[in-house]
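Following: one structure in structure tokens, then a few remarks.
Per chain, numbering begins at 1; letters A, B, ... match sequence-line order.
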Amino acid sequence: MHMNRINGNDLLTIGFNQGKILGLALEVLEKNYQDTDRETVLTIMKNVAEKPELYLDHEILEDLATKIIEDANAPKDDTISLNETAMPFNIYGQEHIDEGAVRQMDTAMRLPVTVAGALMPDAHQGYGLPIGGVLAAKNAVIPYGVGVDIGCRMALSVFDIPESHFVNNADIYKRELIDHTRFGAGHGFVRHQRAEHAVLERNEFNMTQFIKTLQDKAWSQLGTSGGGNHFVEWGIIEFAERDEVLNIPAGRYVALLSHSGSRGLGATIAGHYTRLAKDICKLPKEASNLAYLDMNSSEGQEYWLAMNLAGDYASACHEIIHNKLTKAIGGQLLARVENHHNFAWKETWNGEDVIVHRKGATPAGKGVMGIIPGSMTAPGFLVRGKGLEDAINSASHGAGRQMSRTQAIKSISHQEMDAILKANGVTLIGAGRDEAPMAYKDINMVMDAQKKLVDVVAKFSPKMVRMADDGSKED
DNA sequence: ATGTCC
């Protein structure tokens, strides 16, 4: 479509600055220069950026040149200052957390809108707010405080099926798992295989032209899982004692556990509103990824609706996966539990109405159930929150990585990977060594570090795991 | 985590 193939990065290289001007320049390119060759266009755009006064009568570039001059003469003191000292925050399991994550949290605690913060024991560095970071803000929402995969969540189905049924019919469980799940970045269902769900009819899709354009892809990706650390797995869940709330007697049951988010829909929404927030809310460089939107502004309200749409879409994806597989194995459902761990909520903290951002953190209000996975061989836990205000009613969202993906691929051999799967009786479909159990922290240590935050209700042991195929080119 | 446009 774009003959000249010039993108925002090219414009940044030849002297354009991030912001509205860049957007306008890209629009001009799209409308007027699609068929002009790349070098010519780059030369023209470079000249406009350097000497806009020469283009004030140019039939195509007049408007862009005017805006560049206006922008250059606009007062430049619109940067919002951070507070000099960071507000204190609690860290759970500090011995497991890298310095970078603490430093990022410290920066977040200096935002003028910050009310409270906490760091969970699986925390590590991310964009803006660290993964495992919880931040309560006053009347503001931070797109990168939610993260790229809006509404990424866990869902668990417990079946009235004994362990022996799984052991004796493993081939059927495997076939159905492969048949009903889809993995990989960009992947979706072909038209006749597409799922239906009421979330596709939601009015929010008509809210703006931008969101409308995402609707068809959202349909094709409905019920898919994506890539990275996302999975769908069969396992055995063990209730050491009867759970009165779920009404499940002590015992071992077949269960289905899934981890995924809002796919391309959420990622595109996250990118769009982060850019918008950065345009509106100019923060010092070390905090620029924490740009926030006022909840009373139209942009803030728009993000809030779009974020909730992506969250409900992520939930619908899990619902479709679980419904298909429940039907496929003819299971009777005893309980289904699910929770977002990349999201923002309107909550009360210390008597104050706040926006709580959990970026890789499990909601753990008093009595609230959640799921904290371990790794493809280590157990995950069904938990019940204790509602600790110091932790902003939160807990970790997993074990957390102890190796980067590249480090894991370099240091873990195929033999080691096979051995640990075999030792744990786990069948793996897909995945690379970057998702190997050794790349993750010891989940038991992480659970120990958050004993004040959650009670364990049941222990889930993975038995058959499906993840995206290995994307690495390494041997 | 996403997927060929900041």
Side-chain angles (χ1 to χ4, degrees), chain A residues 1-31 33-34 38 41-42 45 49 64 71 124-132 143-154 182-188 210 213-214 216-218 220-221 224-231 258-280 282 288-289 291 307 310-311 313-314 317 340-343 359-360 397-398 401 404-406 430-432 434-435 467-472:
Chain A
M1 191 159 66
H2 297 213
M3 289 301 288
N4 57 50
R5 306 181 71 82
I6 291 172
N7 61 30
N9 276 332
D10 295 323
L11 293 181
L12 289 171
T13 311
I14 60 169
F16 280 81
N17 294 318
Q18 192 69 249
K20 285 194 175 117
I21 302 285
L22 183 60
L24 185 63
L26 285 168
E27 250 176 67
V28 171
L29 289 182
E30 188 161 351
K31 280 197 191 125
Y33 291 104
Q34 289 223 21
R38 183 183 164 86
V41 180
L42 280 176
M45 295 312 275
L64 178 62
D71 189 59
H124 51 101
Q125 242 186 99
Y127 281 105
L129 198 64
I131 319 297
Y144 261 155
V146 170
V148 174
D149 192 2
I150 297 172
C152 186
R153 58 165 47 202
M154 303 299 305
R182 287 291 182 281
F183 282 84
H187 290 193
F210 159 70
T213 62
L214 307 177
D216 190 66
K217 188 155 149 192
S220 77
Q221 296 188 327
T224 65
S225 299
N229 57 0
H230 290 172
F231 61 78
S258 53
H259 174 212
S260 55
S262 51
R263 311 290 284 105
L265 174 66
T268 312
I269 289 171
H272 179 85
Y273 287 97
T274 293
R275 242 177 355 254
L276 200 60
K278 282 181 170 179
D279 272 354
I280 295 170
K282 301 242 192 310
S288 64
N289 282 331
M307 178 195 77
Y313 174 80
C317 287
H340 288 322
H341 54 221
N342 282 5
F343 213 60
K359 186 184 191 182
H397 79 313
R401 296 194 79 92
S404 70
R405 291 182 182 279
T406 41
D434 49 348
E435 283 300 324
M467 302 186 83
D469 285 334
D470 188 357
S472 81

Does any N or O in the side chain of Y313(A) come within less than 3.5 Å of the main-chain N or O of A218(A), such that one atom is a donor and the other an acceptor?
yes

Interatomic distance, L265(A) CG vs dA1(B) C1' [rounded to whole Å]
13 Å

Calculate the interatomic distance between M45(A) atom CE and dC6(B) atom P; express it in whole Å.
16 Å

A185(A) side chain, from C-beta outward: closest of dC5(B), dC6(B), dG3(B):
dG3(B)

Centroid-to-centroid, H341(A) to H259(A), below 6.0 Å?
yes

Atom OH of Y273(A) and atom P of dT2(B): how far apart are they, to the nearest Å?
20 Å

Which of the following nucleotides, dC6(B), dA1(B), dG3(B), is nearest to the side chain of Q221(A)?
dG3(B)

Among residues at least two apart in sequence or on other chains, which ones pass side-chain hydrogen bond (donor to acceptor under 3.5 Å, both in side chains) with Y273(A)?
E302(A)

So, does R263(A) get its side chain near the phosphate of dT2(B), meaning an N or O under 4.0 Å from OP1 or OP2?
yes

Sticking with atom P, work out how far dC5(B) lies from dA1(B), rounded to a whole angstrom.
22 Å

Taking atom P of dT4(B) as reference, at what distance in whole Å does atom CD1 of I6(A) sit?
19 Å

Nucleotide dC6(B), atom P - distance to CG of D279(A) in whole Å
14 Å

Counting only side-chain nitrogens and oxygens, does N229(A) get under 4.0 Å of the OP1 or OP2 atom of dA1(B)?
yes

Side chain to side chain, F183(A) and D469(A), heavy atoms closer than 4.5 Å
no

For F343(A), the ring pair (Phe, Tyr, Trp, His ring centres under 6.0 Å) test, sequence neighbours excluded, returns H340(A), W345(A)

Given that H187(A) and R275(A) both sit by DNA chain B, which one's nearest nucleotide is further toward the 5' end?
H187(A)

Between dC5(B), dC6(B), dA1(B), spot the one nearest the side chain of D149(A), thanks.
dA1(B)

Write down the distance between CG (L214(A)) and C1' (dA1(B)), rounded to a whole number of angstrom.
16 Å

Spacing between F210(A) atom CZ and dC6(B) atom C1', to the nearest angstrom
14 Å

Within the structure shown, what part of the strands sits under 4.0 Å from K217(A) by heavy-atom distance: base, sugar-phosphate, or nothing?
sugar-phosphate

Would you kindly give the CG-to-P distance between L24(A) and dC6(B), to the nearest whole Å?
17 Å

